[in-house]
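To start, the structure under review is shown below, and the notes come after it.
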Amino acid sequence: MVNATGTRAGQAFVVRAMSANALREVRGRDDAGRPVAPFVDAEGDAPLRCCLRRSSVGERIALVSYAPLRRWAAETGAEPGAYDEQGPVFVHAEACPGFTGDGAPGGGFTGAGSTAAGPSGAGAGHPFGQAHRVVRRYSPKGRILGGALVGAGGLDTALREAFDDPAVAFVHVRAVEYGCFLYEVRRT
């Protein structure tokens, strides 16, 4: 079983929100080259990829195009080819505290299995873990190795199974409804 620090049988992994550098860039021009168009969130509940929490009514946010695999490939020298995709993500329009743990400023989430975001243990310890998700596995070259549809509360098992495969370099957790990127998980 995965414990609160995100380790299992010598295996450790960490949830990663968008990097500070990527956020600076997309808050000017997004990964599709469009200028950012901030707005005041009238409804709340948008999944923010900068701090991995839901937005509140009245916050200034922006919907931007983001290419997580392209950015990862630029860091590593990989060439993902046709797997390089971009899609819409919500971010705070201005700098925020970022992902500090459980999706709330000052939180303590450090990896899969944590119950810092809630006591149920049913996915509550994962950012946006209370709904069905897709866990997409990637190779070190940025190629998709497979994926899994995960029920609410099933992220611990899906991440454990993904990282049990030594060919998996990292995982993207995505929304089922729209296929949007939520966050990345890597081995530590």
Side-chain angles (χ1 to χ4, degrees), residues 1-19 22 45-55 66-69 71-73 75-76 78 80 83-85 87-90 98-188:
M1 179 168 176
V2 180
N3 70 28
T5 62
T7 61
R8 177 190 176 271
Q11 168 174 216
F13 46 91
V14 63
V15 169
R16 297 171 52 110
M18 289 175 66
S19 73
D45 208 36
L48 299 166
R49 287 18 173 254
C50 47
C51 53
L52 299 183
R53 69 168 177 83
R54 299 271 179 190
S55 66
Y66 179 58
L69 196 57
R71 288 177 175 276
W72 172 83
E75 291 175 16
T76 64
Y83 293 107
D84 175 24
E85 59 186 337
V89 298
F90 289 101
F99 179 55
T100 57
D102 64 2
F109 183 84
T110 56
S114 169
T115 57
S120 74
H126 296 278
F128 315 121
Q130 302 81 11
H132 286 78
R133 297 290 172 227
V134 170
V135 172
R136 191 182 295 170
R137 304 170 184 191
Y138 289 90
S139 76
K141 293 183 178 184
R143 303 295 196 259
I144 294 174
L145 295 177
L149 175 61
V150 179
L155 283 172
D156 280 343
T157 300
L159 292 171
R160 183 193 73 236
E161 290 172 357
F163 289 116
D164 279 348
D165 181 349
V168 173
F170 61 97
V171 170
H172 283 178
V173 176
R174 293 178 170 264
V176 172
E177 307 90 336
Y178 304 105
C180 300
F181 170 85
L182 292 171
Y183 54 88
E184 181 179 288
V185 183
R186 293 188 193 179
R187 289 182 176 91
T188 58

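What you see below is based on every heavy atom in this structure, not just the backbone, and it leaves out hydrogens, waters and symmetry mates.
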Whether the side chain of [X] engages the backbone of [Y] through a donor-acceptor N/O pair (distance < 3.5 Å, no angle test) should be reported.
X      : Y      : value
Arg71  : Met18  : no
Arg137 : Val135 : no
Arg49  : Phe181 : yes
Arg136 : Ile144 : no
Tyr183 : Pro127 : yes

Specify whether Phe170 and Trp72 have parallel, tilted or perpendicular ring planes, treating 30° as the upper limit for parallel and 60° as the lower limit for perpendicular.
tilted
Could you pull out the closest heavy-atom pair between [X] and [Y], with the gap in Å?
X      : Y      : value
Cys51  : Gly98  : CB-O, 3.4 Å
Ala169 : Ser139 : CB-C, 3.8 Å
Ala162 : Val171 : CB-CG2, 3.8 Å
Pro140 : Ala167 : CD-O, 3.4 Å
Cys50  : Ala17  : O-CB, 3.8 Å

Just how far is it from atom [atom1] of [X] to atom [atom2] of [Y], taken to the nearest 0.5 Å?
X      : Y      : atom1 : atom2 : value
Arg54  : Asp45  : CZ    : CG    : 4.5 Å
Tyr138 : Arg186 : OH    : CZ    : 12.5 Å
Leu149 : Arg174 : CG    : CZ    : 14.0 Å
Phe128 : Leu155 : CZ    : CG    : 12.0 Å
Leu182 : Leu48  : CG    : CG    : 11.0 Å
Glu184 : Leu69  : CD    : CG    : 8.5 Å

State, yes or no, whether a side-chain contact exists between His126 and Asp156 at a heavy-atom distance under 4.5 Å.
yes
